[in-house]
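Before any comments, here is the structure.
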Amino acid sequence: MRFLWCILLLAACSGPEVQYHSIAMNDSIASNSQAVELIIPYRDSLELTMNTVLVQNPKTLTRGIPECTLGNLIADLLLERAQIELTDSLIPDMCLINIGGLRVDLPEGGITVGKVFELMPFENELDVLELSPEKMQEMLDYLREKGGQPLSGMNLTITKNGYDCTINDEPLDANRTYYVVTSDYLADGGDKMYFFQVPVQRIQTGIKIRDAIIDYFRILGLTDQELISGIDRRLVIE
């Protein structure tokens, strides 16, 4: 039996010699008409979906820190979505995301599905973290170091001597935990948000952030509303 296995293995290894050569990917390669015909229906369907206008935007929404119109809009809608999803179990207090996760500004005019994919090309999902008082303090220190990040539900003034912070119009309570909405990427410590890594508890909603944005924009469009966002001094660095 061992001899037979050796013969089979030698036979398997003694096939014809394989040779390789490079093919330059340029215009010299002729298109395959059958492949093109196969792809066309899917390509047309995808283009139709991506070019669908969700909502009208009366003014360009831009990215920046410590506060920006685009960051305020996205943080607000994500907090609202999480509050709706979790209303039977808990009410999230605030939202914190990162400006680096918003990849483009939103231009004036019709905002398409494709533009939302440009804004949020990642497959990140919404998580809700219960943070201890110590981790909340680390969050404030992080915001000072970074010069701000998009947030909602919190009003924060960073001074040379400390912080003036309210959450839901109430002074920050150093003796209680808070529920913070964020992305799963940041919840894992992305963008050096290490204070998220050891929460009291972590709730995974399974909702893609991009889908939450598309849903919000679509609802506004269907109800003949426009995108509206402004600077309200929710985060000030003195």
Hey, are the side chains of [X] and [Y] touching, using non-hydrogen atoms and a 4.5 Å cut-off?
{"X": "Thr157", "Y": "Leu235", "answer": "no"}
{"X": "Phe217", "Y": "Leu77", "answer": "yes"}
{"X": "Tyr142", "Y": "Gln149", "answer": "yes"}
{"X": "Gln137", "Y": "Lys135", "answer": "no"}
{"X": "Tyr178", "Y": "Leu172", "answer": "yes"}
{"X": "Met136", "Y": "Ile167", "answer": "yes"}
{"X": "Cys165", "Y": "Met154", "answer": "yes"}
{"X": "Val55", "Y": "Tyr216", "answer": "no"}

Between [X] and [Y], what is the shortest heavy-atom contact and its length?
{"X": "Ala212", "Y": "Ile207", "value": "CB-CG2, 4.2 Å"}
{"X": "Ser229", "Y": "Leu73", "value": "OG-N, 3.6 Å"}
{"X": "Met139", "Y": "Met94", "value": "SD-CE, 3.9 Å"}
{"X": "Ala174", "Y": "Pro133", "value": "O-CB, 3.2 Å"}
{"X": "Met193", "Y": "Asn98", "value": "CE-CB, 4.1 Å"}
{"X": "Ile97", "Y": "Ile74", "value": "CD1-CG2, 3.8 Å"}

Check ion pair [X]-[Y] (N to O, under 4.0 angstrom):
{"X": "Asp215", "Y": "Lys208", "answer": "no"}
{"X": "Asp105", "Y": "Lys115", "answer": "no"}
{"X": "Arg176", "Y": "Asp93", "answer": "yes"}
{"X": "Glu123", "Y": "Arg210", "answer": "yes"}

Looking only at atom types and distance, does a side-chain atom of [X] sit under 3.5 Å from a main-chain N or O of [Y], one as donor and one as acceptor?
{"X": "Asp188", "Y": "Gly190", "answer": "no"}
{"X": "Gln83", "Y": "Pro92", "answer": "yes"}
{"X": "Asn124", "Y": "Ile209", "answer": "no"}
{"X": "Arg103", "Y": "Gly100", "answer": "yes"}
{"X": "Thr52", "Y": "Val113", "answer": "no"}
{"X": "Asn57", "Y": "Leu106", "answer": "yes"}
{"X": "Thr223", "Y": "Leu220", "answer": "yes"}

Checklist entry - Which of these, Asp76, Asp164, Asp169, sits in a salt bridge (charged side-chain N to carboxylate O under 4.0 Å, His left out) with Arg234? => result Asp76
Are [X] and [Y] connected in the hydrophobic side-chain network, where two residues link if heavy atoms are under 4.5 Å apart?
{"X": "Leu140", "Y": "Phe196", "value": "yes"}
{"X": "Tyr163", "Y": "Leu143", "value": "yes"}
{"X": "Leu96", "Y": "Val200", "value": "no"}
{"X": "Leu90", "Y": "Leu79", "value": "yes"}

Checklist entry - Heavy-atom count around Ile91 CD1 within 6.0 Å, excluding the residue itself: above 12? => result no
Cut-off 3.5 Å, side chains only: do [X] and [Y] have a donor facing an acceptor?
{"X": "Glu85", "Y": "Thr205", "result": "no"}
{"X": "Gln56", "Y": "Glu226", "result": "no"}
{"X": "Asn72", "Y": "Glu67", "result": "yes"}

Let me confirm one number: the [atom1]-[atom2] distance from [X] to [Y], rounded to the nearest 0.5 Å.
{"X": "Ile158", "Y": "Glu238", "atom1": "CD1", "atom2": "CD", "result": "10.0 Å"}
{"X": "Ser152", "Y": "Leu78", "atom1": "OG", "atom2": "CG", "result": "9.0 Å"}
{"X": "Leu156", "Y": "Arg144", "atom1": "CG", "atom2": "CZ", "result": "9.0 Å"}
{"X": "Thr69", "Y": "Asp232", "atom1": "OG1", "atom2": "CG", "result": "11.0 Å"}
{"X": "Thr166", "Y": "Asn155", "atom1": "OG1", "atom2": "CG", "result": "4.0 Å"}

Item to check | Audit row: Phe122, Tyr185, ring pair (Phe, Tyr, Trp, His ring centres under 6.0 Å) steps and yes/no | outcome: CA-CA 10 Å; Phe122 315 109; Tyr185 166 72; 7.7 Å; no
Checklist entry - Given Ile111, which of Leu119, Ile213, Val116 fulfils the side-chain contact (heavy atoms from CB on, under 4.5 Å) condition? => result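 With Ile111 as partner, Leu119, Ile213, Val116 yield a single side-chain contact (heavy atoms from CB on, under 4.5 Å), made by Val116.
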Item to check | From CA spacing to verdict: side chain to side chain contact (heavy atoms under 4.5 Å, CB included), Tyr179, Gln201 | outcome: CA-CA 9 Å; Tyr179 291 97; Gln201 65 170 318; 3.3 Å; yes
Checklist entry - Given the rule in the side chain to side chain contact (heavy atoms under 4.5 Å, CB included) test, do Ile99 and Lys146 qualify, once you have shown the distances and angles that lead to the verdict? => result CA-CA 11 Å; Ile99 198 65; Lys146 290 294 185 178; over 6 Å; no
